[in-house]
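Below: the structure, in structure tokens.
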Amino acid sequence: MTESVEEYRERARAWLAAVERPHLSDDYDERFAALRQWQRTLYDAGWIGIQWPSELGGQGLSIRHSLAFAEELARARLPAPAGAISLEVVGPTLLRHGTPDQLRRFVPKLLSGEELWCQGFSEPGAGSDLASLATRAVREGDELVVTGQKVWTSWATSADWCAVLARTDPDVPKHKGISYLLVDCRLPGVTVKPVVQMTGDAEFNEIFFDEVRIPVDSMLGDFGDGWKLAMETLSHERGGYAIRRRLENESAFLDLVTGLQGRGADDAAQLVGELFVELKTFEAQSRLTADRLFAGDVGSPLDAVDKLTLSRTEQHLYAVGSELTGTQRMVVGAEPNGLDAEEWTKGLLYARAASVYGGSAQILRTLVAERLLGLPRDR
Amino acid sequence: MTVESYAADFAAAAEDLLTGLRDAEWEDGFSPRDWAAAEEAGWLDVLRAEEKGGLGLGLPELGVIFRSVGRHLFAGPLLEHAVAVPLVEAAGAEVDGFVAVVFGDGAGTRYADRADTLIVVRDGGVEVVPASAATIMPRRSLDPAVTYGDVSRLPGGDLVPLDVDQLVAALRLMAACELAGLAERSLELAVEYAKQREQFGRPIGSFQAVQHILAEMARRQHGLNALVESAVAAAGEARPLAGRVAKAATALGSREIVEGSLQVHGGIAFTVEHVLHRYYKHVLGLEHLYGGGRELSRELGRMLLERGREPWPEW
């Protein structure tokens with residue numbers, strides 16, 4: 001019989017309280033290596049792929065079990081594993097649309113962290129207008145030859161595989177000629193170049209494909225299915241990711257309250273109270289999302305609603321934290337009001353990405369208007 | 001039958017009843033015919049114990065009625081009669097006739113002008129006094145769906161001890177549901193209007209500038225609906241917290257949603273010929289009832305900064 005969510009949560013809490021915490025260095029590479037090892041530790045203990053099929057290395061439990069673990073992980077102030085993009089963004093689409101051979105080949109290693117994935121969607125000329133992408137894949141016998149450039153590819157330097165959207169048919173309307181390719185990042189012709197972000201980290205990368213040859217069956221779905229699969233991937237990035245990221249926001253909020261404790265100036269109380277109301281609203285909204293995901297409702301316009309709420313809440317949270325560090329907000333090492341200025345201001349810098357990645361807030365509002373509210377299209 | 005299915009039945013029945021009544025057409029804050037329909041439907045008995053002839057149900061069931069009440073802008077002292085009266089009766093008091101609930105100095109009390117009985121909220125309990133024993137000055141109301149009066153020269157009464165935090169929390173939660181309903185209907189009206197109103201040769205809802213106002217309204221509405229649904233289920237010591245949060249969120253959120261709707265409607269909604277001004281006025285009144293968004297947020301913030309990491313009652 002399946003362990004109840006509450007029993008499972010108890011067991012998770014006990015395990016997390018006893019586990020050795022990963023050491024997170026300031027150095028990006030060292031930190032990433034530690035997070036990769038952390039994924040392995042979690043995987044070996046059965047805490048990865050919780051709602052994934054057991055025959056593929058998962059635990060065969062429900063999304064509720066998975067979310068309970070994510071909650072406990074965040075509450076224990078332990079980090080998410082290295083393969084977040086693999087597990088939450090690329091993985092679910094792979095799981096739904098992979099052939100049996102692809103599932104056997106890719107899923108177990110994706111879960112264990114032996115292979116990490118990145119997502120090659122955006123291009124210099126195709127951001128919000130993703131369907132205008134120019135990376136092309138030309139068939140030559142049993143191979144596809146991939147040429148083009150991707151950008152804003154998170155964690156690509158550490159990735160083993162890349163989910164690449166490429167144009168396989170230039171002669172049909174732009175949404176119809178795209179395919180979803182699975183590209184081995186170690187192949188000749190693949191070059192990754194880090195891009196330093198305003199936080200100082202190089203989580204982003206450019207990734208170049210120069211006549212990279214892949215087997216013709218290294219594709220998810222069929223020729224021309226790419227757009228549909230990409231929208232599904234992005235929906236995961238919006239809905240499922242938003243509810244997990246919310247937990248990290250909640251932990252950060254607790255840090256804020258702890259730092260400010262006993263220094264209750266009225267303006268701080270006002271700001272903190274308003275944030276709390278917003279976070280509780282997001283929490284209630286996330287419960288509906290969990291129900292929705294549990295019921296198998298994938299690709300809902302409500303994913304966009306969740307993502308919009310995530311970006312607002314996260315930006316509001318870090319704006320308040322950074323503001324309360326006052327004139328010292330840009331001073332590394334300063335701790336006015338019990339708050340680490342660097343942490344909160346870097347958080348604010350990082351939070352600016354939240355209304356851009358996975359569909360800008362403007363793209364998402366248009367999506368909500370058309371698909372949730374049924375308003376007429378503008379194009 | 002489960003609580004959830006009760007709530008669903010109540011929601012459907014309330015929608016049916018209210019759809020049959022005139023929406024939002026009151027001029028003087030009260031319609032005897034519609035009030036009779038609410039009594040007939042048992043709305044005033046939802047919280048009353050079964051042995052006292054009530055339905056013995058809770059805030060989740062009453063909450064869905066208040067959301068419908070908001071959607072249809074039903075006028076009348078429903079917060080007073082469906083929430084305060086049964087809770088005060090449960091504490092042992094007798095409450096007769098038409099009721100107003102008095103906070104603080106009694107200025108601008110909802111429905112005081114019509115009241116037979118005043119429930120006066122004090123520290124540690126309430127006093128139940130006949131309205132004839134106090135001085136009540138009717139005030140002109142800007143909201144056609146509510147009347148107001150100033151209460152003064154209150155006589156002393158016997159204190160009926162009850163948990164005032166719980167009473168106020170229940171009132172806040174139901175006001176929050178009503179606000180969420182008012183906002184939801186305002187959003188729907190705006191979406192309908194944007195699909196049908198044409199300018200520059202096409203529906204205004206096809207313009208991104210308009211779409212983005214509506215999408216942001218829908219995002220907020222989704223959050224408010226989720227929040228009130230979850231908050232009404234809070235019990236025990238979590239309820240006062242849930243009441244503060246839900247009232248704070250809906251106070252600020254509902255007003256902004258109705259203001260978005262006014263903007264999308266353009267000139268027409270600025271006139272009394274369109275129904276929206278009634279929603280807006282009713283929201284403005286409810287926004288500050290039992291605590292406004294800023295005030296409640298500040299209170300929550302103060303409590304948080306005192307408690308620090310100490311865990312909150314969960315709901």
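Residue numbering restarts at 1 for every chain, and letters A, B, ... go by the order of the sequence lines.
- Nearest heavy atoms, A:A369 versus B:Q211: CB-CB, 3.5 Å.
- The parts of A:D255 that come within reach of chain B are both its backbone and its side chain, each placing non-hydrogen atoms under 4.5 angstrom from that chain.
- In this structure, the side-chain contact (heavy atoms from CB on, under 4.5 Å) partners of B:A14, at least two apart in sequence or on a different chain, are B:W43, B:I65, B:S68.
- A 6.0 Å sphere centred on CZ of A:R11 holds more than 12 heavy atoms belonging to other residues, nucleotides or ligands.
- Ranked by heavy-atom pairs shorter than 4.5 Å toward chain A, the options B:R244, B:E295, B:H212 are led by B:H212.
- For the salt bridge (Lys or Arg N to Asp or Glu O under 4.0 Å) test, no residue two or more places apart in sequence or in another chain qualifies with B:R298.
- Between B:R220 and A:E278, no side-chain nitrogen of the basic residue sits less than 4.0 Å from a carboxylate oxygen of the acidic one, so the salt-bridge criterion is not met.
- Here the closest non-hydrogen pair linking A:V257 and B:L304 is CG1-O, 3.4 Å.
- Rounded to the nearest 0.5 Å, atoms CZ (A:R287) and CG (B:L227) are 9.5 Å apart.
- B:A226 and A:L288 get closest at one heavy-atom pair: CB-CD1, 3.6 Å.
- Using a 4.5 Å cut-off between heavy atoms, B:S230 touches chain A through its side chain atoms alone.
- Between the CG atom of B:N225 and the OG1 atom of A:T281 there is a distance of 11.0 Å, given to the nearest 0.5 Å.
- Only the backbone of B:R307 comes within less than 4.5 Å of a heavy atom of chain A; no side-chain atom from C-beta onward does.
- For the pair B:E306 (side chain) and A:Q261 (backbone), a donor-acceptor distance under 3.5 Å is absent.
- Annotation: B:Q263, atom CD; neighbour count of heavy atoms from other residues, nucleotides and ligands within 6.0 Å does not exceed 12.
- The backbone N or O of B:E299 sits nowhere less than 3.5 Å from a side-chain atom of A:Q270 that would complete a donor-acceptor pair.
- Between the side chain of B:H222 and the main chain of A:V305, no donor-acceptor pair closer than 3.5 Å is present.
- For chain B, the option among A:L302, A:L372, A:L275, A:L271 with the highest count of heavy-atom pairs below 4.5 Å is A:L302.
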Test log, rule side-chain contact (heavy atoms from CB on, under 4.5 Å), inputs A:F276 and B:L241: CA-CA 11 Å; A:F276 182 64; B:L241 176 67; 4.0 Å; yes
* Give the intermediate values and the outcome of side-chain contact (heavy atoms from CB on, under 4.5 Å) for residues A:R365 and B:E216. => CA-CA 7 Å; A:R365 285 191 194 112; B:E216 181 55 20; 3.9 Å; yes
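- In terms of heavy-atom pairs under 4.5 Å with chain A, the best-connected choice from B:A194, B:G223, B:G293, B:S206 is B:S206.
- Residue B:E198 places its CD atom among more than 12 non-hydrogen atoms of other residues, nucleotides or ligands, all under 6.0 Å distant.
- Rounded to the nearest 0.5 Å, atoms NZ (A:K280) and CH2 (B:W315) are 4.5 Å apart.
- Counting non-hydrogen atoms of other residues, nucleotides and ligands closer than 6.0 Å to CD of B:E314 gives a total of 12 or fewer.
- In terms of heavy-atom proximity, B:A215 sits nearest to A:L373 at N-CD1, 4.1 Å.
- Your options are B:I213, B:L214, B:L187, and the one with the most heavy-atom pairs under 4.5 Å with chain A is B:L214.
- With hydrogens and angles left out, the side-chain atoms of B:R219 and A:T309 include a donor and acceptor closer than 3.5 Å.
- For the pair A:Q362 and B:Q208, the minimum side-chain heavy-atom distance is 4.5 Å or more.
- For B:E229, the part sitting under 4.5 Å from any heavy atom of chain A is the side chain, from C-beta outward, and nothing else.
- Annotation: maximal heavy-atom pairing with chain B below 4.5 Å, among A:L375, A:L254, A:L256, occurs at A:L375.
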